[in-house]
Amino acid sequence: MADYDARTALIVVDVQNDFADPAGGLYVRGGEEIVPHVNDEIERARGAGALVVYTQDWHPESTPHFEKDGGVWPVHCVRDTWGAELHPALRVEGEVVRKGTDGEDGYSGFTVRDPRSGAPTPTVMESKLRERGVERVVVVGIAADVCVKETALDAVTRGFGTTVLREATRGVDLQPGDTELAFVALAEAGAAVE
Ligand code: VGL
Ligand code: ZN
């Protein structure tokens, strides 16, 4: 459980069917188990007047992000499909920021990267937070070692006090141990991992 106030935002990363449902295209083990934890955080954040922002991986049918097109990931979160929808049990009480919409590698909620050149482009996330006077973010969701990690690292780099709630995340572990390494990297970068 994190503390919330009007200068804190809760960022709920990619709690989508393809990651959080066992039938999903890139199912992350235990993904569905975090939904009640995430909902509790949303309720507490809203009660304290904190902003809640959701990210949504939102890919075209073909993108170098996918293994079939030269990337590393199985097909997932193709826009306008069941897999891309936010998990049905998730409370949605805030704006959704989509990433990967033009075929970029959309790992962080703050930036997307050209899959070939790696060149970053900002999403609307940072300006939304700044407009509201947000100084601190709490990051939860999926996947701990991919999009949660990249989002939280970008938040630290941008000067937001950053907390990641372990119990409200799950990792892919493409390589065994990736999730633990992600928590170590986050702590080293200056995020609070709770
Ligand atoms: C993600 C792999 C590919 C994530 C998104 O949401 O963590 N992982 N695309
Ligand atoms: Zn993706």
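Numbering of ligands and ligand atoms starts at 1, following listing order.
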- prompt: Asp57 and Lys99: which non-hydrogen atoms are nearest, and at how many Å?
  reply: OD1-NZ, 3.0 Å

query: For atom 1 (C) of ligand 1, what is the nearest protein heavy atom, given as residue, atom name and distance?
result: Cys147 SG, 3.2 Å

message: Does ligand 1 come near enough to Lys99 that some N or O of the ligand is less than 3.5 Å from an N or O of the residue?
response: no

- request: Answer with yes or no whether the hydrophobic clustering places Val164 together with Val156; edges join I, L, V, M, F, W, Y residues whose side-chain heavy atoms lie under 4.5 Å apart.
  value: no

statement: Nearest heavy atom to atom 8 (N) of ligand 1, choosing from Asp14, Val28, Val146, belongs to Val146

query: What class does the angle between the rings of His76 and Phe66 fall in, given that below 30° is parallel, 30 to 60° is tilted and above 60° is perpendicular?
result: perpendicular

message: Check for me whether Arg79 meets the cation-pi criterion with Trp58, that is, NZ or CZ under 6.0 Å from the six-membered ring centre and within 45 degrees of the ring axis.
response: no

- prompt: What do we get for Ile142 next to ligand 1 when only non-hydrogen atoms under 4.0 Å count, side chain, backbone, both or neither?
  reply: backbone

- prompt: Do any N/O/S atoms of His59 come under 2.8 Å of the Zn ion (ligand 2)?
  reply: yes

- prompt: If two hydrophobic side chains count as joined below 4.5 Å and joins carry through other members, does Leu129 share a cluster with Val97?
  reply: yes

field: Any side-chain donor near an acceptor of the partner, Asp154 and Thr111, under 3.5 Å
entry: yes

query: For ligand 1, which atoms sit closer than 4.0 Å to a heavy atom of His65?
result: 3 (C), 9 (N)

- request: Look at the N, O or S atoms of His65, main chain and side chain alike, and state whether any lies under 2.8 Å from the Zn ion (ligand 2).
  value: yes

Asp57 N/O/S atom closer than 2.8 Å to the Zn ion (ligand 2): yes

